[in-house]
Novice: 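My questions all concern the structure below.
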Amino acid sequence: MQALHGKVALVTGASAPKGIGRAIAQRLAQDGAHVVVTDISGAIEGGMTTRAGLLDALAQDIITRGGSALALTLDVTSARDIAAVLEQVLARFGRLDILVNNAGSLAGSDNFLSTNAAQWTSSFEVNLLGPMMLSQAVIPEMRKLGGGRIINIGSTGSLGAEAGFGAYTAMKHGLVGLTKTLAAEFGPDGILCNTVCPGFIATDMHEAANTRLSQKQGMSVADIKQQRYANVALRDAGLPQDVANAVAFLAGPEAQYVTGINLPVTGGVPFGI
């Protein structure tokens with residue numbers, strides 16, 4: 001039997017074509033979960049494609065492969081959006097077992113002295129406040145079921161630091177604190193909360209960061225990659241599926257005694273850790 005048969009999972013930030021959220025949704029569906037894929041609205045990729053369109057395509061792909069999926073628009077910084085999405089999930093499936101807080105933002109990722117309060121506020125709202133509000137919304141429903149799983153997607157920035165990512169690093173450290181708080185407070189309710197900390201993963205966001213560093217430092221993207229991956233034991237970026245596999249483990253029955261941890265999926269990245 002599929003490990004997550006009959007479970008319902010909500011994944012935020014799932015629209016990116018090469019994103020971690022997409023890979024997580026596909027893996028959880030493969031394991032038998034009904035998957036709700038969400039992201040903000042609006043156009044991406046030069047206006048040629050909308051996030052809603054990408055979400056619909058992802059949901060249809062999961063359904064075509066024999067899975068169950070629902071695509072919904074969700075701005076994780078909006079309490080109104082969160083309430084509306086939860087209402088739709090419960091109306092459709094009657095329960096919510098797994099929350100994956102994957103949506104993230106690189107706002108405020110620059111030289112520390114050049115960033116401003118607005119950028120830090122934006123980073124806080126997406127990377128930390130959003131997961132907090134979603135967790136507050138879903139925990140009462142998980143309590144009714146006698147348990148659940150909350151999986152936060154952190155970063156090596158949750159464990160150490162890399163110059164030039166100040167706001168992102170600070171918020172991802174905060175996400176670890178949120179994880180440990182939820183694990184301690186709601187463990188008696190059977191709700192497990194863990195953080196998966198990806199290193200360099202070949203996603204749209206990671207490639208954007210490489211391009212930004214390339215322009216800033218006047219180096220080729222290939223040279224930037226060689227420079228950044230020099231501290232990776234495996235000397236390369238991982239794949240979104242590598243992160244999805246870790247999430248599937250924490251969401252499944254084999255992790256029933258695992259809570260409050262930070263699970264690095266880094267290929268062996270030592271900087272600042």
Side-chain angles (χ1 to χ4, degrees), residues 10-16 19-21 24 38-40 51 74-79 81-82 99-139 150-186 193-201 203-210 212-213 216 228 238 240 243 246-247 250 259-266 269 271-273:
L10 171 63
V11 182
T12 67
S15 71
I20 289 172
I24 291 170
T38 70
D39 213 326
I40 58 175
R51 294 184 186 276
L74 171 62
D75 178 348
V76 300
T77 70
S78 167
D81 272 16
I82 291 171
L99 169 64
V100 182
N101 285 311
N102 171 72
S105 170
L106 285 173
S109 297
D110 205 340
N111 179 286
F112 176 75
L113 295 179
S114 69
T115 57
N116 58 47
Q119 291 171 311
W120 279 69
T121 298
S122 177
S123 181
F124 167 71
E125 290 177 343
V126 176
N127 294 318
L128 186 52
L129 184 63
M132 182 279 289
M133 291 196 299
L134 274 158
S135 298
Q136 279 191 331
V138 306
I139 284 171
I150 298 175
I151 302 167
N152 294 321
I153 305 302
S155 162
T156 48
S158 299
L159 308 172
E162 180 182 8
F165 292 86
Y168 182 80
T169 298
M171 304 314 156
K172 290 297 186 179
H173 271 71
L175 191 63
V176 168
L178 175 63
T179 292
K180 292 183 180 296
T181 296
L182 298 181
E185 191 163 341
F186 299 102
C193 187
N194 295 289
T195 306
V196 174
C197 299
F200 297 130
I201 305 296
T203 65
D204 310 86
M205 182 181 287
H206 179 66
E207 293 305 322
N210 283 339
R212 179 179 62 80
L213 289 171
K216 181 179 178 180
R228 297 186 80 191
V243 183
V247 171
L250 292 173
T259 192
I261 71 162
N262 308 317
L263 177 56
V265 182
T266 65
V269 179
F271 65 84
I273 298 174

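On a predicted model such as this, the values are computed, not experimentally measured, just so you know.
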Novice: Kindly give the heavy-atom pair with the smallest separation between Asn102 and Gly13, and that separation in Å.
Specialist: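 Smallest heavy-atom distance, with atoms named: ND2-O, 2.9 Å.
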Novice: What's the separation between atom CG in Asn194 and atom CG in Leu250, rounded to the nearest 0.5 Å?
Specialist: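 CG of Leu250 is found 5.0 Å from CG of Asn194.
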Novice: With no hydrogens and no angle check, is any side-chain donor or acceptor of Thr259 less than 3.5 Å from a backbone partner on Cys193?
Specialist: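 Judged by distance alone, yes, a pair lies under 3.5 Å.
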Novice: If we check side-chain contact (heavy atoms from CB on, under 4.5 Å) with Val100, which of these qualifies: Ile150, Thr12, Ile20, Ile153?
Specialist: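 Result: among Ile150, Thr12, Ile20, Ile153, Ile153 is the only option passing the side-chain contact (heavy atoms from CB on, under 4.5 Å) with Val100.
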Novice: Quick one, Leu74 and Leu134 - any side-chain contact, counting heavy atoms below 4.5 Å?
Specialist: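 A side-chain contact under 4.5 Å exists here.
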Novice: To check you understand the geometry: which heavy-atom pair defines the closest contact between Met133 and Val76, and what is its length?
Specialist: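 What the structure gives for the nearest pair is CE-O, 3.3 Å.
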Novice: Distance-only, no hydrogens or angles: does the Thr169 side chain make a donor-acceptor pair with backbone N or O of Gly166 under 3.5 Å?
Specialist: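 Side chain of Thr169 to backbone of Gly166: no pair is present.
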Novice: Of all heavy-atom pairs between Thr77 and Asp75, which one has the smallest distance, and what is that distance?
Specialist: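 Taking every non-hydrogen atom into account, OG1-OD1, 2.7 Å.
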Novice: Output the distance between atom NZ (Lys172) and atom CG (Asn152), rounded to the nearest 0.5 Å.
Specialist: 8.5 Å
Novice: Are the side chain of Ser122 and the backbone N or O of Ala118 linked by a donor-acceptor pair below 3.5 Å?
Specialist: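 No, because the side chain of Ser122 does not come within donor-acceptor range (under 3.5 Å) of the backbone of Ala118.
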Novice: Quick one: does any side-chain atom of Asp39 pair with a main-chain N or O of Ser15 as donor and acceptor, under 3.5 Å?
Specialist: yes
Novice: Please collect all salt bridge (charged side-chain N to carboxylate O under 4.0 Å, His left out) contacts where either partner lies in residues 113-125, sequence neighbours excluded, each pair once.
Specialist: none
Novice: Are the side chain of Asn127 and the backbone N or O of Ser105 linked by a donor-acceptor pair below 3.5 Å?
Specialist: yes
Novice: Find out whether Asn262 and Ser158 are in side-chain contact, i.e. whether some heavy atom of one side chain is under 4.5 Å from a heavy atom of the other.
Specialist: no
Novice: For the residue pair Ala16 and Asp204, what are the closest heavy atoms and their distance?
Specialist: CB-OD1, 3.3 Å
Novice: With rounding to the nearest 0.5 angstrom, report the NE2 to CG distance, His206 to Asn210.
Specialist: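 Here the rounded value is 4.0 Å.
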Novice: What's the separation between atom NE2 in His173 and atom CG in Leu178, rounded to the nearest 0.5 Å?
Specialist: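 Here the interatomic distance stands at 14.5 Å.
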Novice: Please round to the nearest 0.5 Å and tell me the distance separating atom CE of Met132 and atom CZ of Phe124.
Specialist: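 So the CE of Met132 and the CZ of Phe124 are separated by 6.5 Å.
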Novice: Any chance you could lay out the side chain to side chain contact (heavy atoms under 4.5 Å, CB included) test for Ile139 and Leu182, step after step, and finish with the verdict?
Specialist: CA-CA 10 Å; Ile139 284 171; Leu182 298 181; 4.1 Å; yes
Novice: Grab the two heavy atoms, one from Met171 and one from Ser123, that are nearest each other, plus how far apart they are.
Specialist: CG-OG, 3.3 Å
Novice: I'd like to check the salt bridge (charged side-chain N to carboxylate O under 4.0 Å, His left out) partners of Glu207; sequence neighbours left out, ordered by chain and number.
Specialist: Lys225
Novice: Under 4.5 Å between any side-chain heavy atoms of Leu213 and Arg228, yes or no?
Specialist: yes
Novice: Test Val196 against Val243 for side chain to side chain contact (heavy atoms under 4.5 Å, CB included), laying out the working first.
Specialist: CA-CA 7 Å; Val196 174; Val243 183; 3.9 Å; yes
Novice: For Asp110, which residues count as a salt bridge (charged side-chain N to carboxylate O under 4.0 Å, His left out) partner, sequence neighbours excluded?
Specialist: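 Asp110: salt bridge (charged side-chain N to carboxylate O under 4.0 Å, His left out) contacts with Lys216.
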Novice: Show the nearest heavy-atom pair for residues Ala246 and Val265, with the distance to one decimal.
Specialist: CB-CG2, 3.8 Å
Novice: Any non-hydrogen side-chain atom of Pro264 less than 4.5 Å from a side-chain atom of Thr156?
Specialist: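 No, every pair of side-chain atoms sits at 4.5 Å or beyond.
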Novice: Looking at CG of Leu10 and OG1 of Thr38, how far apart are the two atoms once the value is rounded to the nearest 0.5 Å?
Specialist: 5.0 Å
